[in-house]
Chemist: 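Please see the structure below; I have some questions.
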2 protein chains.
Amino acid sequence: MDLYGPWLAQLRKGVVELLVLALLRSRGPLHGYGIVQELEELGDLIAGVSTVYPVLKRLEADGLVDASWGAGDEAGRRKNYSITGAGKKFLDEGTRQFDDLHAALGRIGGNR
Amino acid sequence: MDLYGPWLAQLRKGVVELLVLALLRSRGPLHGYGIVQELEELGDLIAGVSTVYPVLKRLEADGLVDASWGAGDEAGRRKNYSITGAGKKFLDEGTRQFDDLHAALGRIGGNR
DNA sequence: TTGGAATAGTACGCAATGCGTAATAGCACA
DNA sequence: TGTGCTATTACGCATTGCGTACTATTCCAA
């Protein structure tokens, strides 16, 4: 029984957004495919293309990242993303919430 | 604009399951309403009744918790839940995955 | 020249779940 | 009788991760 696979997908909901924003802040501007590759190196298949691209699209729609098609030899091929001020703010607040959840779980298991 | 509310709901996906299992392991057997109250004390409205009860139902269906109607004066009113061996195993593995995600985010933001 | 990787992005649709809202029912207390 | 607390259940929506597949460009080797 693979009771575990579907649950993992649920656990990642919301977190991928933070991971992408964090990558854009620390690794500078990146294009979609580059983000996917960075995530691959981070661990066991955190998010593939079919997860990352929709995330980027939504982040852009929400004004958390800026997107622009590459120029010169990249024209029509690479779309570059960079984090905005609102994106940084969201990342900070989101990280804090994520930390809180993580701490809450640790606190429960602490006394046993 | 409340861009933040809906996202928080997504972030909690999967985590509530771990929180409930952790509560059952450290605070012993509990009934649904008691779990909701414990979660309320843990922080800012982590999960209400309409979240916890479906979670318990699913955990029971998956064999991660045992459920039995209370006896005596609790008959027909309280349903008591306790964690199973499979539940403990799932909690351990799930916590590990959660820690990994948390660590991954920290690792990205670390070098900036 | 041709063909197959690798690079880069897009589109479609399913399944799972948090959560708002509300209904039901027993009990206590005034 | 009626108000409020305890306790569980039911319905339905919105969001999102992800499998699968398709298109297009670049580059290297046969």
Side-chain angles (χ1 to χ4, degrees), chain A residues 2-20 29-40 43-62 67-81 94 97 101, chain B residues 2-20 29-40 43-62 64-65 67-81 94 97 101:
Chain A
D2 199 359
L3 162 74
Y4 201 75
W7 172 81
L8 243 181
Q10 299 298 322
L11 183 67
R12 290 196 243 259
K13 285 185 192 294
V15 185
V16 181
E17 236 159 325
L18 294 182
L19 292 173
V20 169
L30 287 169
H31 58 283
Y33 204 78
I35 292 176
V36 172
Q37 290 178 320
E38 293 266 2
L39 288 180
E40 271 179 7
D44 301 323
L45 192 55
I46 292 186
V49 292
S50 59
T51 298
V52 170
Y53 281 111
V55 163
L56 285 171
K57 199 173 181 180
R58 195 176 64 245
L59 290 177
E60 184 187 2
D62 291 338
S68 60
W69 282 101
D73 60 337
E74 291 182 347
R77 286 207 306 133
R78 285 187 174 179
K79 199 189 275 184
N80 294 311
Y81 296 89
Q97 293 290 336
L101 278 182
Chain B
D2 199 359
L3 164 71
Y4 200 75
W7 172 81
L8 243 181
Q10 299 299 320
L11 183 66
R12 292 196 242 259
K13 284 185 193 296
V15 184
V16 182
E17 235 159 326
L18 295 182
L19 292 172
V20 169
L30 287 170
H31 58 283
Y33 204 78
I35 292 176
V36 172
Q37 290 177 319
E38 295 265 2
L39 288 180
E40 272 179 6
D44 302 322
L45 192 57
I46 291 184
V49 293
S50 60
T51 298
V52 169
Y53 280 109
V55 163
L56 285 171
K57 198 172 180 180
R58 194 176 64 246
L59 290 177
E60 183 187 3
D62 291 339
L64 304 182
V65 304
S68 60
W69 282 101
D73 59 338
E74 291 182 348
R77 287 207 305 135
R78 285 187 173 178
K79 200 189 273 184
N80 294 310
Y81 296 89
Q97 293 290 336
L101 277 182

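Lettering of chains follows the sequences in order, A, B, ..., and the numbering in each one begins at 1. We use all heavy atoms of the structure for the numbers below, so side chains are in, but hydrogens, waters and symmetry mates are not.
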Chemist: Let me know the distance between CZ of A/Arg77 and P of C/dA6, rounded to the nearest Å.
Modeler: 16 Å

Chemist: With a 4.0 Å cut-off on heavy atoms, is B/Gly34 in touch with a base, just the backbone sugar-phosphate, or nothing at all?
Modeler: nothing

Chemist: Using every non-hydrogen atom in the two residues, find where B/Val49 and B/Pro54 come nearest and quote the distance to one decimal.
Modeler: O-CD, 3.9 Å

Chemist: Using whole Å, report how far CG of A/Asp73 lies from C1' of D/dA24.
Modeler: 16 Å

Chemist: In whole Å, I'd like the distance from the OH atom of B/Tyr33 to the P atom of D/dT9.
Modeler: 14 Å

Chemist: What integer distance in Å separates A/His31:NE2 from C/dA6:P?
Modeler: 16 Å

Chemist: So B/Thr51 and B/Arg12, do their side chains get closer than 4.5 Å, heavy atoms only?
Modeler: no

Chemist: Tell me whether the side-chain N/O atoms of B/Arg12 come closer than 4.0 Å to OP1 or OP2 in C/dT17.
Modeler: no

Chemist: Using a heavy-atom cut-off of under 4.0 Å over every strand shown, decide if A/Val55 touches base, sugar-phosphate, or nothing.
Modeler: sugar-phosphate

Chemist: Rounded to the nearest angstrom, tell me the gap between atom CG in A/Leu30 and atom P in C/dT7.
Modeler: 15 Å

Chemist: Starting at CG of B/Leu8 and ending at P of C/dT17, how long is that distance when rounded to a whole Å?
Modeler: 19 Å

Chemist: Without decimals, in angstroms, what is the distance between B/Lys13 NZ and C/dC19 C1'?
Modeler: 8 Å

Chemist: Would you say a side-chain N or O of B/Tyr53 is under 4.0 Å from OP1 or OP2 of D/dT9?
Modeler: no

Chemist: Before you tell me yes or no, could you show the steps for A/Leu11 and B/Val15 under side-chain contact (heavy atoms from CB on, under 4.5 Å), namely the whole-Å CA-CA distance, both residues' side-chain angles and the distance that decides it to 0.1 Å?
Modeler: CA-CA 6 Å; A/Leu11 183 67; B/Val15 184; 3.8 Å; yes

Chemist: Which comes earlier along DNA chain D counting from the 5' end, the contact point of B/Val49 or that of A/Ala9, where each point is its nearest nucleotide?
Modeler: B/Val49

Chemist: Categorize B/Leu45 for me: base, sugar-phosphate, or nothing, with a 4.0 angstrom heavy-atom threshold over every strand shown.
Modeler: nothing

Chemist: Should A/Lys79 be listed as having a side-chain N or O under 4.0 Å from OP1 or OP2 of C/dT10?
Modeler: yes

Chemist: Could you state the atom-to-atom distance from CD of A/Gln10 to P of D/dG19 in whole Å?
Modeler: 13 Å

Chemist: The side chain of B/Trp69 is closest to which nucleotide in this list: D/dC18, C/dG9, D/dT8?
Modeler: D/dT8

Chemist: When we call it a touch if two heavy atoms are under 4.0 Å apart, what does B/Gly48 touch: a base, just sugar-phosphate, or nothing?
Modeler: nothing

Chemist: Can a side chain N or O of B/Lys57 be found less than 4.0 Å away from OP1 or OP2 on D/dA10?
Modeler: yes

Chemist: Do B/Gln97 and B/Leu101 come within less than 4.5 Å of each other through their side chains, counting heavy atoms only?
Modeler: no

Chemist: Are side-chain heavy atoms of A/Glu17 and A/Arg58 found at a separation under 4.5 Å?
Modeler: yes

Chemist: For a quick test of reading the model: is some side-chain N or O of B/Arg58 closer than 4.0 Å to OP1 or OP2 of C/dT17?
Modeler: yes

